[in-house]
Amino acid sequence: MAKIINVIKGTKDILPQDISSWHKLEQTALDVFGKYGYKEIRTPIFEATELFARGVGDTTDIVNKEMYTFEKSDRSLTLRPENTAGVVRSFIENGMTRLSAPVKLWYHGPMFRYERPQAGRQRQFHQVGVEMFGVKQPAADAEVIMLAVDYLKALGLNDLLVEINSLGCPACRDTYKKRIKEVLKPEFENLCDDCKNRYEKNPLRLLDCKVESCREIFEKPEIKKVIESDFICEECAEHYSELKSYLDKMGIKYAENKLLVRGLDYYNRTVFEIKSNNLGSQNAVCGGGRYDSLVKNLGGEDTPAVGWAMGMERLNSLLPPILPEKIDAYVVSNYLPEAFLLAKKLRSAGKTVEIDLANKKFMKQLEKASKIAKFALILGEDEIKNHTVSVKNLETSEQNTVKADEVAALI
RNA sequence: GCGGGUGUCGUCAAGUGGUUAAGACCUCGGAUUGUGGUUCCGAUAUGCAUGGGUUCGAAUCCCAUCUCCCGCCCCA
């Protein structure tokens, strides 16, 4: 035998026995998002590399080490590692700025990141997400979070934790970063390697380091004071508290998490995650936030926006498995032309029908029928002669011989 | 990218240096050429992730590579 070829590391087949859950995720998205006025958008799976460098941020891990990038005719192209940049690109390019705000879009599809695979993390994975453009008020943040919770509820997922935080605007965040860096400067040499790296790249990330020695440093009073200070400016604080009051009024439970930072550069003000305890260490099913400067940074008109994405594989692993359903009927016959005609008629009437195509023995056909179908439709010499079909209920073993036209009504 | 574990049929597995690699499920065939789902009989790994090595002898020991899993980093 020839050597077999395996799937690429970090990718997976979605097999027929698992496809129903995927349909459920997609159908529920269509239903729930539709009710909020979201329209589906499908953008290409690869884009100009520059889109992600400028959109996601060229200091992020995603852009720095996780992208599948290739050259073609002097152009650098990249398999999308996430879809916000692509949707924003399309929003700008197709003049959606001119549409009456808010513009509400949703998508689902494969994303690609070159990471070490483990539970809940693949190199090709799928996301479903929403983006809302044109509303700067915190009501938009609230609705988008509400939508996420609604979607999860519609899937039967209630036992999840919503965490929120505000990163402030670029101005107040920069001040905060500077103060953190200042107060930590004398301790720099004592930080772990990861933290030294974060110190330069993303000081906000320093705060949730798990290394003991770092934790001790952050516990020092003068440092703790800076870390825990409310750095965000008045306007941002108001935006944040308004969001919280909406969530309170809607009965959406959430926890505030000051350490919630998120790794994509484009977020400002609201960020949030939805977590599960049943996912191992990759415990976030949903992540998102506000990104008011992204449209402008990508060459569009200054347009506020907010959105989120969920990992569909992670959602799937939280969903109970869907058992395969039996088909309506299996035609048991060694008279193929007649069997084809019967099946065709029933399929037109909306039934799911299969036929034995291999001319197997009667008993084998019936055995097969009992495994996969609710009814066996026996079509033998006698039945054909009399234009009848013997309809056998495979659960109750009841059997009736009826006119061929009457079969559809019985199954 | 770093650290730890793992890998025997389509699936779940026994086997820890000595001749033909248990068993179960699934699949297929027969008992059973018009009545199934129960039962009974039979078939199915010249091979143990892959490639080397040690040995008279390797699924079993050693080395390398790969996979998947777990943790870190990061993220959905």
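Letters A, B, ... mirror the listed sequences (proteins, then strands); counts begin at 1.
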Given B:rG34, B:rG3, B:rC74, the nucleotide with the shortest approach to the side chain of A:Arg116 = B:rG3

task = Flag this pair as yes if the NZ/CZ of A:Lys244 is under 6.0 angstrom from the six-membered ring centre of A:Tyr240 and inside a 45 degree cone about the axis; otherwise no.
result = yes

inquiry  = Return whichever of A:Gln118 or A:Met312 has its heavy-atom-nearest nucleotide of RNA chain B closer to the 5' end.
reply    = A:Gln118

ask   = A:Gly120 near the nucleic acid: base, sugar-phosphate alone, or nothing, with a heavy-atom cut-off under 4.0 Å?
value = base

inquiry  = Partner lookup for B:rC2, please. Criteria are Watson-Crick or G-U wobble with both distances under 3.5 angstrom; report none if nothing qualifies.
reply    = B:rG71

key: Salt-bridge contact A:Asp292-A:Arg290 (side-chain N to carboxylate O under 4.0 Å)   = yes

inquiry  = Counting the atoms with a prime plus P, OP1 and OP2 as sugar-phosphate, which does A:Glu313 contact under 4.0 Å by heavy atoms, base, sugar-phosphate, or nothing?
reply    = nothing

request  = Could you check how far CD of A:Glu367 sits from P of B:rU27, rounded to whole Å?
outcome  = 8 Å

task = Tell me what A:Gly10 touches on the nucleic acid: a base, only sugar-phosphate, or nothing, going by heavy atoms under 4.0 Å.
result = sugar-phosphate

query = Taking atom P in both B:rC70 and B:rG7, what distance in whole Å separates the two?
reply = 16 Å

ask   = How long is the span from the NE2 atom in A:His108 to the CH2 atom in A:Trp22, to the nearest 0.5 Å?
value = 10.0 Å

inquiry  = Using a 4.0 Å heavy-atom cut-off, does A:Lys392 contact any base of the nucleic acid, only the sugar-phosphate backbone, or nothing at all?
reply    = base

task = Using atom CG of A:Asn400 as one end and atom C1' of B:rU35 as the other, report the distance to the nearest whole Å.
result = 14 Å

request  = For A:Gln399, report the nucleic acid contact type (base, sugar-phosphate, nothing); a contact means any heavy atom under 4.0 Å.
outcome  = base

request  = Looking at every strand, decide which applies to A:Glu115 at a 4.0 Å heavy-atom threshold: base, sugar-phosphate, or nothing.
outcome  = base

Under-3.5 Å N/O pairs linking protein and nucleotides 6-10 of chain B:
none

ask   = How long is the line joining CG of A:Asn334 and P of B:rU35, in whole Å?
value = 13 Å

query = Is A:Arg173 close enough and on-axis enough to A:Phe231, meaning under 6.0 Å and within 45°, for cation-pi?
reply = no

task = Measure from the side chain of A:Met363, starting at C-beta and using heavy atoms only, and say which of B:rG34, B:rC2, B:rU67 lies closest.
result = B:rG34

query = Below 3.5 Å, does any donor atom in the side chain of A:Arg121 face an acceptor in the base of B:rC73, or the other way round?
reply = yes

task = Could you list the residues that satisfy ring-ring contact (aromatic ring centres under 6.0 Å, His included) with A:Tyr335, not counting sequence neighbours?
result = none

message = In this structure, how many angstroms lie between the C1' atom of B:rC28 and the NZ atom of A:Lys368, rounded?
response = 12 Å

key: Nucleotide of B:rU35, B:rU27, B:rG36 approaching A:Ile378 most closely (side-chain heavy atoms)   = B:rU35

inquiry  = Within the 4.0 Å heavy-atom criterion, would you say A:Gln365 contacts the bases, only the backbone, or no part of the nucleic acid?
reply    = nothing

message = Mind checking if A:Asp382 touches a base, just sugar-phosphate, or nothing, with heavy atoms under 4.0 Å?
response = base

query = Rounded to whole angstroms, how far apart are CG on A:Leu259 and C1' on B:rC73?
reply = 17 Å

query = Considering Watson-Crick and G-U wobble pairs with both distances under 3.5 Å, what does B:rG29 pair with?
reply = B:rC41

query = For the side chain of A:Lys371, counting heavy atoms from C-beta on, which of B:rG34, B:rC68, B:rU27 is nearest?
reply = B:rU27

query = If we take the P atom in both B:rA59 and B:rA21, what is their distance in whole Å?
reply = 10 Å

ask   = Roughly how far apart, to the nearest Å, are B:rU16 and B:rU11 at atom P?
value = 23 Å

message = Under 4.0 Å, heavy atoms only, any strand: does A:Ala369 hit a base, just the sugar-phosphate, or nothing?
response = nothing

task = Side chain of A:Lys361 only, please: which of B:rG1, B:rG36, B:rG30 is the nearest?
result = B:rG30

inquiry  = Whether the side chain of A:Arg123 engages the backbone of A:Pro117 through a donor-acceptor N/O pair (distance < 3.5 Å, no angle test) should be reported.
reply    = no

key: Gap in Å between the two C1' atoms, one belonging to B:rU67 and one to B:rA31, rounded   = 44 Å

More than 12 heavy atoms from other groups under 6.0 Å of CG on A:Leu15 = yes

task = Write down the distance separating the P atoms in B:rU39 and B:rA24, rounded off to the nearest Å.
result = 13 Å

ask   = Roughly how many Å is it from CG in A:Asp61 to C1' in B:rC74, rounded to a whole number?
value = 5 Å

ask   = Roughly how many Å is it from CD in A:Glu398 to C1' in B:rU35, rounded to a whole number?
value = 15 Å

key: Chi angles and distances behind the side chain to side chain donor-acceptor pair (under 3.5 Å) call for A:Tyr36, A:Asp150   = CA-CA 10 Å; A:Tyr36 280 77; A:Asp150 252 16; 2.7 Å; yes

key: Rounded C1' spacing from B:rG23 to B:rG15 in Å   = 11 Å

inquiry  = Please give the distance between the C1' atoms of B:rU6 and B:rC73 as a whole number of Å.
reply    = 22 Å

query = B:rC26 and B:rG37: how far apart are their C1' atoms, nearest whole angstrom?
reply = 16 Å

B:rA64 - base-pair partner by Watson-Crick or wobble geometry, distances under 3.5 Å = B:rU50

task = Answer with base, sugar-phosphate or nothing: what part of the nucleic acid does A:Gly380 contact at a heavy-atom distance below 4.0 Å?
result = base

inquiry  = Reading RNA chain B from 5' onward, which residue's closest nucleotide shows up sooner: A:Met310 or A:Pro117?
reply    = A:Pro117

ask   = Thinking salt bridges, do A:Lys371 and A:Glu367 make one under a 4.0 Å N-O criterion?
value = yes

query = Out of A:Trp106, A:Tyr291, A:Tyr38, which residue meets the side-chain hydrogen bond (donor to acceptor under 3.5 Å, both in side chains) rule with A:Glu131?
reply = A:Tyr291

ask   = Atom CG of A:Asn6 and atom P of B:rC68: how far apart are they, to the nearest Å?
value = 9 Å

